[in-house]
Amino acid sequence: MRYNAPKGTTDILPDTARKWQYLESKAANMFKNYGYEPIITPIFEHTEVFTRSIGISTDIVQKEMYTFKDKAGRSLTLRPEGTAPVIRAYVNNNMQQLPQPVKLYYMGPMFRYERPQAGRYRQFWQIGVEAIGSDDPALDAESILLMINYFKSLGLKGLTLYINSMGCDKDRPKYMELLREYAEANRKRLCKDCQKRIDLNPLRLFDCKDESCQLVMKDAPKLLNYLEVDCRKHFNMVKRYLEMQKIEYIVKPELVRGLDYYTKTTFEVISPFLGAQNAIGGGGRYDKLVEEFGGSPTPGIGFAIGTERLAIAVEKEGAFDSIEDRMDVFIAVADQSAKPNAIDILYALREAGISADIDYMGRSLKAQLKYANRRGFKYTVFIGPEELEKKRVAVRNMETGEQIEINIDELIKVMRDIVMERF
RNA sequence: GUGAUCGUAGCUCAAUUGGUCAGAGCGUCGGACUGUGGCUCCGAAGGCUGAGGGUUCAAGUCCCUUCGAUCACCCCA
């Protein structure tokens with residue numbers, strides 16, 4: 001019996017895996033450059049970690065979580081996003097004792113039970129960062145800049161940055177009342193889903209693509225206009241920091257993200273290459289989240305990038321072309337009698353930091369060359385009875401076909417010189 | 001969860017209005033060159049046509065179910 005990978009999952013084959021590694025290592029370097037450190041949290045958490053933080057009324061919690069009971073009857077959930085686990089870990093490990101802010105990044109798979117589509121899978125990868133412990137608007141700007149500059153470093157163009165402010169607990173409740181009243185007054189003109197949203201989560205009304213709903217919401221009160229003075233100042237500072245770094249942005253009052261924990265700044269970056277699932281990265285501030293997990297009041301901000309969406313965009317820009325990943329040396333064995341000696345040399349090369357491989361299929365010499373060519377080795381070294389007797393080996397440059405002969409004891413040294421010098 | 005389109009060798013695709021043993025290119029392996037790749041030529045392996053059922057003398061082709069893929073809604077990264 002043959003099995004497919006489960007719906008919405010896929011095998012990341014070497015060609016793609018290599019590209020992802022490239023994206024991840026570039027990210028790790030840049031995050032370090034901005035003062036962020038790696039953290040690895042469990043793939044699953046107690047279900048409550050997500051229901052309480054993301055919000056019970058959100059789609060993620062309502063219908064997209066992989067929730068199961070373990071053998072002891074605990075309700076566990078495969079993480080649908082990365083922020084809640086990191087905040088849980090922050091509180092759990094008393095990280096408020098560390099110098100603040102605590103700046104962390106993570107990379108790994110997330111899980112949501114959704115209908116698969118271009119750029120949307122049930123197991124998908126995210127690259128994310130969180131900065132916990134400061135409410136400085138300069139940190140909001142840093143978070144946004146970090147994401148934008150990372151994209152730039154990958155050669156991405158044509159991205160659009162949207163920002164918004166969701167207010168805080170001083171202005172949001174008042175505004176929500178206003179919004180509810182407005183929506184209620186226009187209930188009849190709203191679609192069925194939106195009528196439900198009036199009570200559940202009226203902010204989401206802004207997201208609806210239904211024409212009639214959009215028409216209604218166009219004239220709805222906008223949170224941005226009701227921001228209390230601190231929040232407005234904060235948002236203005238964020239914008240100013242972005243402008244200082246010459247970052248273009250569009251303020252989008254309708255930008256309401258689907259996780260309830262956001263406060264103040266939210267942002268999202270859109271790529272033109274991604275079809276319907278065009279958000280390549282997004283995030284925001286979550287000043288109430290640490291408290292939600294039982295910590296002392298602590299602000300925070302972060303974002304997540306969709307790795308496969310990022311890979312699609314980078315691919316479209318042709319920016320993967322520069323990845324060089326060829327192996328250094330293939331050892332061609334001219335006669336099986338020379339194999340033990342050849343293997344000896346193989347390991348010596350590897351130990352010297354030169355990537356090397358050998359035939360394990362009993363191929364003819366000719367077939368070995370063919371194989372070396374297909375696998376893209378830079379050099380082939382010939383080992384056979386003749387070479388062993390004369391103590392000289394031939395080294396063939398597989399690109400140019402040039403072949404030189406050197407003393408066998410010099411092989412390691414010469415290969416190391418060649419390989420290091422050229423790359 | 002809803003809708004549309006689509007499932008034929010590892011990959012990309014053929015197969016007349018349902019009608020002989022389901023084909024090709026690429027890839028893999030081997031050979032032409034008995035110790036030297038890339039080009040060319042030759043050969044081999046590889047398919048219960050996604051799965052299950054039905055209609056028919058006859059199904060890759062028509063119908064139903066199911067699974068999966070793709071795209072959109074929805075949602076978000």
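Every chain is numbered from 1, with letters handed out A, B, ... down the list of sequences.
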Identity of whatever pairs with [N] - Watson-Crick or G-U, under 3.5 angstrom:
| N | answer |
| --- | --- |
| rU2(B) | rA72(B) |
| rG19(B) | rC57(B) |
| rA24(B) | rU12(B) |
| rA51(B) | rU65(B) |
| rU40(B) | rA32(B) |

For [N] versus [M], give the span between their [atom1] atoms, rounded off to a whole number of Å.
| N | M | atom1 | result |
| --- | --- | --- | --- |
| rA69(B) | rG50(B) | P | 16 Å |
| rC64(B) | rU28(B) | P | 42 Å |
| rC73(B) | rA14(B) | P | 28 Å |
| rG53(B) | rA59(B) | P | 14 Å |
| rA9(B) | rG46(B) | C1' | 6 Å |
| rA24(B) | rU17(B) | C1' | 24 Å |
| rG47(B) | rU2(B) | C1' | 35 Å |
| rG60(B) | rA22(B) | C1' | 8 Å |

Side chain of [X] only, please: which of [options] is the nearest?
| X | options | result |
| --- | --- | --- |
| Gln277(A) | rU70(B), rA32(B), rC76(B) | rC76(B) |
| Tyr113(A) | rC29(B), rG1(B), rG68(B) | rG1(B) |
| Glu64(A) | rC75(B), rG35(B), rG37(B) | rC75(B) |
| Ala276(A) | rA72(B), rG35(B), rC76(B) | rA72(B) |
| Ala334(A) | rC73(B), rC76(B), rG35(B) | rG35(B) |

Using a cut-off of 4.0 Å on non-hydrogen atoms, how would the nucleic acid contact of [X] be classed: base, sugar-phosphate, or nothing?
| X | value |
| --- | --- |
| Ser364(A) | sugar-phosphate |
| Ala304(A) | sugar-phosphate |
| Ala332(A) | nothing |
| Gly283(A) | nothing |
| Gly8(A) | sugar-phosphate |
| Phe303(A) | nothing |
| Leu259(A) | sugar-phosphate |
| Gly275(A) | sugar-phosphate |

*Of Arg122(A) and Gly281(A), whose closest RNA chain B nucleotide lies nearer the 5' terminus?*
Arg122(A)

*Is there a donor and acceptor pair, one atom on the side chain of Arg374(A) and one on the base of rC29(B), closer than 3.5 Å?*
no

_rC74(B) base / Arg120(A) side chain donor-acceptor hit below 3.5 Å_ = yes

Check ion pair [X]-[Y] (N to O, under 4.0 angstrom):
| X | Y | result |
| --- | --- | --- |
| Asp140(A) | Arg285(A) | yes |
| Lys391(A) | Asp409(A) | no |
| Glu142(A) | Lys103(A) | yes |
| Lys339(A) | Asp359(A) | no |
| Glu405(A) | Arg392(A) | yes |
| Glu45(A) | Arg88(A) | yes |
| Lys413(A) | Glu410(A) | no |

Length of the line joining [X]:[atom1] and [N]:[atom2], which is rounded to integer Å:
| X | N | atom1 | atom2 | answer |
| --- | --- | --- | --- | --- |
| Leu369(A) | rG37(B) | CG | C1' | 5 Å |
| Arg115(A) | rG1(B) | CZ | P | 7 Å |
| Glu268(A) | rC75(B) | CD | P | 12 Å |
| Lys63(A) | rU2(B) | NZ | P | 12 Å |
| Asn373(A) | rU40(B) | CG | P | 13 Å |
| Lys7(A) | rG50(B) | NZ | P | 18 Å |
| Lys370(A) | rG37(B) | NZ | P | 9 Å |
| Asn278(A) | rC75(B) | CG | P | 13 Å |

*Under 4.0 Å between a side-chain N or O of Arg363(A) and OP1 or OP2 of rC29(B)?*
yes

*Determine: side-chain N/O of Gln117(A) to OP1/OP2 of rC71(B), distance under 4.0 Å, yes or no.*
no

*With sequence neighbours excluded, tell me which residues meet side-chain contact (heavy atoms from CB on, under 4.5 Å) with Tyr106(A).*
Ile39(A), Thr83(A), Val86(A), Met110(A), Gln126(A), Glu130(A), Ala304(A)

